[in-house]
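Take a look at the structure below.
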Amino acid sequence: MREFAQLYQRLDETTKTNDKVLAMRDYFSQASGSDAAYALYFLLGNKLKPSLPTRIIRRAARLGAEVPEWLFEETYQWVGDLAETAAAMVKGRSHGGQESLPDTLPDTLPDTLPDTLPETLSETIAERLLPLLRSASGTQRSTRKSSLSSDRRLEIDEALASTLVELWSRYDLLERFVFNKLLTGNLRVGVSAKLVTKALSQWCGVPSEELSHRMMGEWEPSETFFKQLVAPEYSGSSPAKPYPFCLAHPLPQGYSEENSVVDFLAEWKWDGIRAQLVRRAGRTYLWSRGEELLEGRFPEIELAAEGLPDGLVLDGEVLGYRDGVPLAFTLLQRRIQRRKPGVKLLGEVPVVFIAFDVLEHEGKDLRQEAYEQRRRLLESLDWGVACVGQALRISEVFSFSDWGSLFQKRDTAREHGSEGLMLKHRQGRYDVGRVTGTWWKSKVTPYTVDAVLVYAQRGHGRRAGMFSDYTFALWEEDRLVPFAKAYSGLSDQEIVRVDRWIKENTQKKFGPVHEVLAHLVMELAFENLQESSRHKSGIAVRFPRIVRWREDKQARDADRLEDIRRMLKGKGESG
Amino acid sequence: MFRDLLECTPRGLYCPAGDFYVDPWAHVDHAILTHAHADHARSGSKRYLSAKSSESLLRVRLGQSIDLQTVAYGESLRIKDARVSLHPAGHILGSSQVRIEVAGRVALITGDYKLQSDLTCDAWEPVRCDLMVSESTFGLPVFRWPETRLVVQEMIGWWEENQRQGRTSLLLAYSVGKAQRVLAEIFRVCGVEVASKVAVHGAMLGPNRAYVSAGVALPELPSAASLGGQHDWSQSLVIGPPSSQSTPWMDRFSDPSIAMASGWMAIRGTRRRRNVERGFVLSDHVDWPDLLTAIGQCRPERVWVTHGFSEVVSRYLTESGIAAEVLQTRFAGEESEPTVVEKSEEAS
């Protein structure tokens with residue numbers, strides 16, 4: 001646990017990619033297989049399941065620090081990180097060395113401690129974390145079933161909380177903090193999967209691309225898995241395994257001036273769920289880009305796929321689709337949330353899989369072939385009875401002789417329910433892990449409005465403690481109607497200035513939310529909008545973000561709700 | 001209730017019975033200063049009173065010519081109808097708590113204070129009082145200082161690691177107080193022999209001399225700028241003020257590892273915003289447990305809570321049965337780091 005906590009600290013302290021890779025490599029080279037398996041699992045952003053309800057952590061922190069609830073909440077608001085707040089607040093060892101306040105240690109510790117420490121990461125997880133998580137989820141279940149009295153439930157919470165306080169007392173501040181990060185299932189230490197893979201590759205000698213393929217899909221963080229993973233020859237494999245996804249990058253400025261458009265094929269960029277459809281061993285596996293098996297969620301696609309031949313892997317997009325028109329992502333979201341969709345929902349939001357690439361055919365890996373070849377194969381595939389019900393489709397491709405007509409096409413994207421165009425190099429291989437791949441995306445210029453900042457809340461993570469979560473409003477007659485929340489887009493310096501301004505101009509507080517003077521105007525951009533009965537403004541916007549702070553504008557110069565309603569009307573059928 | 005004893009006026013904390021101010025933020029006739037930091041000691045008043053050990057620093061900060069009377073800790077003075085004495089606050093060299101007694105009632109203005117040990121100043125003493133004015137810079141329960149000894153060990157380990165890698169260790173610390181405390185701790189552990197590898201920012205030369213003339217043992221250290229272009233910085237420890245970060249002054253060092261010593265380093269968010277590689281949790285203010293300990297030992301009937309998390313602390317005290325209220329002052333503001341005006345005596 002100590003070593004892993006120190007790895008966390010090393011990763012947290014540096015912004016240099018090389019230092020991060022080095023830190024991880026050092027860790028892997030000294031860790032046992034079972035520790036390394038868990039470390040890898042967490043660094044890649046995986047969580048232990050189930051995670052502990054945060055109310056238990058809050059209760060334990062209050063218990064361990066002897067503070068009232070309001071003080072805990074106030075402190076948490078300021079710190080902005082639950083794991084850290086709890087770790088720092090409770091009495092216990094601050095640093096690797098001795099307790100600085102000996103009189104505050106519980107009496108039970110001294111004799112047992114030296115034997116149990118130091119413990120390894122896998123011991124911490126197997127002997128401390130998992131038992132706690134299990135007993136918490138056990139009581140969750142029995143609470144639901146037998147409708148326990150609220151007193152009894154409180155008693156159980158209290159017992160879990162005191163177990164946690166006891167666990168905390170075994171660790172120093174840094175270990176407590178990392179332990180809590182594992183508990184809340186949120187390590188977030190600023191390393192990408194790519195970087196982790198690179199470090200692992202440097203240590204074990206297996207190429208990064210090979211490692212990412214071996215790590216695709218679901219795996220258990222066990223010693224066996226880890227040993228297989230880093231072995232020169234891979235022995236494990238599963239018929240379900242998808243390929244690492246090839247990602248598109250935004251078309252760079254000026255790219256069109258130096259490159260020929262005829263080298264590319266284009267197609268619509270859809271706002272759905274990127275997925276791979278794997279047909280192997282007589283079964284169908286549908287994987288999301290987040291490497292989650294979407295089993296059972298989209299029965300119409302799985303049913304249609306049964307007609308496909310074995311040894312086939314398609315890359316494509318799951319999209320809500322009705323009467324020949326793509327549906328808004330917000331509608332598709334209703335399907336994502338439902339593990340076993342009912343008949344009514346299936347009727348309201350039917351989905352299709354739009355295949356745009358073939359990665360494996362007759363069991364053969366095609367990723368090194370030119371895109372043009374793969375595409376030709378995709379179009380000549382024997383779909384069998386698959387097209388029945390039309391849940392499987394092939395994307396339409398366009399070719400252009402000049403960039404101008406390509407951009408013209410792109411700007412009609414919204415009429416087709418699309419976000420823009422994807423451009424794929426005819427000779428491109430199916431690449432992973434490269435920053436400038438052979439796939440580009442070119443989005444339609446987003447919608448923008450000037451809106452007034454009306455509420456602010458403190459942020460989390462890097463912006464913990466600063467007012468960085470904002471709610472914006474537009475005018476309707478002489479009232480400001482809130483319509484969007486935005487977190488990103490300002491520079492760190494601007495956030496500091498806005499933070500100070502908010503503290504000085506808070507009018508009212510509603511818990512953590514500060515209502516501020518209607519004064520600051522910011523330009524917001526968003527990807528899409530649609531009517532919504534759940535929003536006060538009647539409009540829901542997607543991916544709102546701040547483009548710039550319009551210090552040149554007064555609140556009264558901001559846009560009106562009717563301006564945005566006009567955008568909604570102008571955007572065609574697709575909604 | 002404490003009318004003749006103490007009131008908060010637009011010019012600062014004022015004792016009507018003695019007709020003097022404590023750490024005023026406007027020009028007044030008589031000012032008692034708790035310590036030499038810029039948000040407490042401002043120039044422009046006619047006459048000053050401070051602890052004897054604060055004199056050298058105050059003259060560096062406010063000028064040699066100020067009209068300054070000094071007293072030893074614990075020595076009692078009569079000022080009009082008030083009886084006044086100064087008691088160590090443990091914050092920096094010469095820092096005092098001001099005890100004011102009028103008609104048997106006692107007010108204690110703690111200024112800035114800490115309970116942790118500090119080699120460069122006298123240790124804080126509890127003073128029994130009826131009204132206590134306390135800071136709350138770190139008045140949240142997440143602030144619990146680690147032992148100084150352990151932090152210093154960590155700091156030395158960081159310096160050693162940088163030496164192995166041939167990188168300059170640049171430690172950011174306030175020029176007055178923190179810098180000298182860190183230096184004294186390091187020399188105690190490593191011996192004064194290492195002084196040949198230590199340099200400071202020019203803004204610290206004056207304060208360092210003031211510490212030495214007040215009897216604090218510190219070796220003579222050169223300013224980084226005086227060491228010339230050919231100097232080998234690969235083994236050096238350099239102490240600079242926080243404001244020197246990302247200034248051209250830093251360009252002279254070889255691939256510096258930048259660290260900061262401050263209580264704010266206890267929180268990841270504030271540490272990351274400072275953009276330093278390492279944060280050492282070392283503060284000259286009370287943490288949460290020490291704040292409560294101090295109030296417990298002084299046993300005031302009422303607490304006025306100033307600069308910092310004053311609302312939180314005052315509510316917590318009230319709920320614990322100690323009458324408390326927030327006092328708006330112009331000492332360093334809430335949620336920001338104490339602003340110490342750095343006089344740059346060194347061109348880049």
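Below, chain A is the first sequence line, B the second, and so on; all start at residue 1. Heavy atoms only: backbone and side chains are in, while hydrogens, waters and symmetry mates are out. These numbers come from a predicted model, not from an experiment.
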Could you pull out the closest heavy-atom pair between V312(B) and W70(A), with the gap in Å?
O-CH2, 3.4 Å
Please identify, among V496(A), T14(A), D12(A), the residue contributing the most non-hydrogen atom pairs under 4.5 Å to chain B.
D12(A)
Could you check if a side-chain atom of T75(A) sits within less than 4.5 angstrom of a side-chain atom of W288(B), using non-hydrogen atoms only?
no
Are K91(A) and R144(B) packed together at the side-chain level, in the sense that at least one heavy-atom pair is separated by less than 4.5 angstrom?
yes
Distance (rounded to the nearest 0.5 Å) between L71(A) CG and E319(B) CD
8.5 Å
Are L140(B) and Y76(A) close enough, and set up right, to give a side-chain contact (heavy atoms from CB on, under 4.5 Å), and what steps lead you there?
CA-CA 10 Å; L140(B) 284 183; Y76(A) 171 41; over 6 Å; no
Which atoms of V90(A) approach chain B - backbone, side chain, both or neither, heavy atom under 4.5 Å
backbone
After noting the C-alpha distance and the side-chain angles of W78(A) and F143(B), does the key distance pass the ring pair (Phe, Tyr, Trp, His ring centres under 6.0 Å) rule?
CA-CA 12 Å; W78(A) 187 82; F143(B) 295 109; 5.8 Å; yes
Measure Q153(B) against the heavy atoms of chain A and call it side chain, backbone, both or neither at under 4.5 Å.
neither
Kindly give the heavy-atom pair with the smallest separation between K16(A) and D255(B), and that separation in Å.
NZ-OD1, 4.1 Å
Does a salt bridge link R273(B) with D492(A), judged by any charged N lying under 4.0 Å from a carboxylate O?
no
Measure distances from T85(A) to the heavy atoms of chain B and classify the residue's part below 4.5 Å as side chain, backbone, both or neither.
both
Pick out which of R271(B), R278(B), R272(B) makes a side chain to side chain donor-acceptor pair (under 3.5 Å) with E13(A).
R278(B)
Check: P68(A) and Y316(B) side chains under 4.5 Å, non-hydrogen atoms:
yes
Hey, what do you get for CG (D81(A)) to CD1 (I267(B)), rounding to the nearest 0.5 Å?
9.0 Å
Kindly say whether R268(B) contributes a backbone atom to a donor-acceptor pair with the side chain of E84(A) at under 3.5 angstrom?
yes
